Amino acid sequence: MKWKTALLAAGSMFAGINAFLGNRQLVLDKEVVYSRKLPESFEGLKVMLLADLHHKKFGKDQCFLLDSVKAASPDIIIFAGDLYSKDEKELGGKVKFIKALNEIATVYYAPGNHEMHRPELCDAMFHKLKSMGINALRNEMAVICRGRDRINIYGLQMPLKYFINKDGSYKDLPVPDGNTIARYLGLSDPDHCDLLIGHNPLFFEAYEQWGADIVFSGHVHGGVIRLPIIGGLLSPERRFLPKYTKGLYRLGKAVMAVTAGLGKFRINDPSQIMLLTLTGKKQPTKHMKGHAWEI
């Protein structure tokens, strides 16, 4: 019996060390994202996707995180929500961080659910960022032009009711559809490539119905606990085995990139930043689940 106790203790210690180290890791994952609507002048555009920083710190003033982003040499940076947690009150450091990101490459930031918990703080934050010339998008669109070509970047802000009930429960939350997204963003632009920053990947069906070509999401923190073969275990809504947790997904003609994000506790699920190379010419033969990309 003693050897069983020792083995159990050793296993528990190993699991604890692994969890501790995993919460201190930061990985860069690279993916190629195909959209047939991407204009030729935007071929090879490198997009850095970040999300869900919350309370997490990567060195003083996020220096290690900033160094990692800078080393990847992105053309633009997308921050897909939850820059801070709902209980944070002092956001000066977060403003400084976004400003530092914007000095590396142009930033496009849309809010997540945590920003929605305190509307007055969110208003002040976005007002400050906009005054600094940063693309802080709340149900707004920005345009990137190269020559005569353009792509649209939409930043979606969804009401808190789609994430949590007033009593703090997650039961019977409303499910948006394409018309819901149009209510907040207006209609998509079918004549151009539409990039959508939508914090919650679980709304992918609605994003696709609305007309998004490429979606950038976070929110699910990679499933919090990642298991071999199974993948992510849990969503913030306390739902087991969420459908979209990390990586690339396809639905109809839309592609969605989901980052595991930066903050919050996690097991076998290191903090992640994603460098996405956009292409309109060469399709990856397979996506992460092994099905052909036939768009």
Side-chain angles (χ1 to χ4, degrees), residues 26 28-31 33 42 44-54 56-59 61-85 88 91-116 121-146 150-157 185 193-200 212 214-219 256-263 271-278:
L26 175 65
L28 167 66
D29 287 326
K30 298 180 180 181
E31 300 280 1
V33 177
F42 287 91
L45 184 77
K46 293 183 179 180
V47 181
M48 177 63 72
L49 174 59
L50 301 89
D52 304 290
L53 181 60
H54 294 287
K56 194 73 171 281
K57 296 185 183 298
F58 295 89
D61 296 329
Q62 308 291 359
C63 61
F64 299 134
L65 175 56
L66 289 168
D67 285 347
S68 296
V69 172
K70 186 175 182 179
S73 300
D75 296 309
I76 66 171
I77 298 170
I78 287 179
F79 200 102
D82 283 5
L83 176 62
Y84 55 91
S85 291
E88 291 187 66
L91 300 182
K94 300 300 171 68
V95 171
K96 184 177 180 181
F97 169 63
I98 293 293
K99 181 174 182 286
L101 281 178
N102 202 59
E103 291 171 356
I104 297 171
T106 303
V107 170
Y108 299 86
Y109 163 49
N113 54 299
H114 275 255
E115 285 93 338
M116 296 298 95
L121 197 62
C122 184
D123 289 346
M125 173 83 166
F126 274 73
H127 177 77
K128 179 64 176 178
L129 292 176
K130 282 177 176 289
S131 73
M132 297 164 62
I134 292 167
N135 296 287
L137 306 174
R138 304 171 70 185
N139 294 332
E140 298 168 272
M141 181 189 76
V143 176
I144 304 178
C145 295
R146 287 186 175 180
R150 63 179 272 186
I151 58 175
N152 304 322
I153 302 183
Y154 297 81
L156 176 64
Q157 173 181 296
L185 284 180
C193 187
D194 291 334
L195 280 55
L196 172 63
I197 309 172
H199 179 65
N200 193 340
I214 305 175
V215 180
F216 303 91
S217 291
H219 183 60
M256 179 172 67
V258 183
T259 175
L262 297 163
S271 298
Q272 180 197 44
I273 57 178
M274 297 181 75
L275 185 66
L276 307 165
T277 301
L278 306 191

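Just so it is clear, the structure is predicted and the values come from calculations on it, not from any experiment.
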Sequence neighbours excluded, every pair satisfying salt bridge (Lys or Arg N to Asp or Glu O under 4.0 Å) that has a member inside residues 71-84: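 Listed once each, the pairs would be none.
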
Pairs meeting criterion salt bridge (Lys or Arg N to Asp or Glu O under 4.0 Å) with involvement of residues 123-137, two or more places apart: Asp123-Arg138, Lys130-Glu140

Rounded to the nearest 0.5 Å, how far apart are [atom1] of [X] and [atom2] of [Y]?
X      : Y      : atom1 : atom2 : value
Arg146 : Ile151 : CZ    : CD1   : 7.5 Å
Glu115 : Ser85  : CD    : OG    : 9.0 Å
Tyr84  : Leu121 : OH    : CG    : 4.5 Å

Stepwise side-chain contact (heavy atoms from CB on, under 4.5 Å) test for Leu101 and Met48: CA-CA 10 Å; Leu101 281 178; Met48 177 63 72; over 6 Å; no

Worked check of side-chain contact (heavy atoms from CB on, under 4.5 Å) between Leu65 and Leu50: CA-CA 10 Å; Leu65 175 56; Leu50 301 89; 4.1 Å; yes

Any residue meeting ring-ring contact (aromatic ring centres under 6.0 Å, His included) with His114, in chain and number order, not counting sequence neighbours: His54, His117

Residues in ring-ring contact (aromatic ring centres under 6.0 Å, His included) contact with Tyr109, at least two apart in sequence or another chain: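 So Tyr109 forms a ring-ring contact (aromatic ring centres under 6.0 Å, His included) with Phe79, Phe126.
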
With a 4.5 Å heavy-atom cut-off, do [X] and [Y] have their side chains touching?
X      : Y     : result
Ile214 : Val47 : no
Thr277 : Lys30 : no
Met132 : Val95 : yes

Where the side chain of [X] meets the backbone of [Y], is there a donor-acceptor pair that is under 3.5 Å apart?
X      : Y      : result
Asp29  : Met274 : no
Asp194 : Asn152 : no
Thr259 : Gln272 : yes

Of all heavy-atom pairs between [X] and [Y], which one has the smallest distance, and what is that distance?
X      : Y      : result
Gly155 : Ala110 : CA-CB, 3.7 Å
Gly218 : Val258 : O-CG1, 4.0 Å
His199 : Pro111 : CB-O, 3.8 Å
Phe58  : Gln62  : N-OE1, 2.8 Å
Asn139 : Gln157 : OD1-N, 2.7 Å
His219 : Asp52  : N-OD2, 2.8 Å

Positive for side-chain contact (heavy atoms from CB on, under 4.5 Å) with Ile197, one of Ile153, Asn135, Leu156, Val215: Ile153

Test side-chain contact (heavy atoms from CB on, under 4.5 Å) applied to Ile104 and Asp67, Ile76, Val69, the passing residue: Val69

Partner residues of Asn200 under the side-chain hydrogen bond (donor to acceptor under 3.5 Å, both in side chains) criterion, sequence neighbours left out: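 side-chain hydrogen bond (donor to acceptor under 3.5 Å, both in side chains) list for Asn200, sorted by chain: empty.
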
Of all pairs that satisfy side-chain hydrogen bond (donor to acceptor under 3.5 Å, both in side chains), the ones with a partner from residues 92-102, not counting sequence neighbours: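 The answer is Asp61-Lys96, Glu88-Lys94, Lys99-Glu103.
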
CA sep, side-chain torsions, deciding dist, call: Leu195, Tyr108, side-chain contact (heavy atoms from CB on, under 4.5 Å): CA-CA 11 Å; Leu195 280 55; Tyr108 299 86; over 6 Å; no

Ser217 vs Met256, side-chain contact (heavy atoms from CB on, under 4.5 Å): CA-CA, chis, key distance, verdict: CA-CA 7 Å; Ser217 291; Met256 179 172 67; 3.8 Å; yes

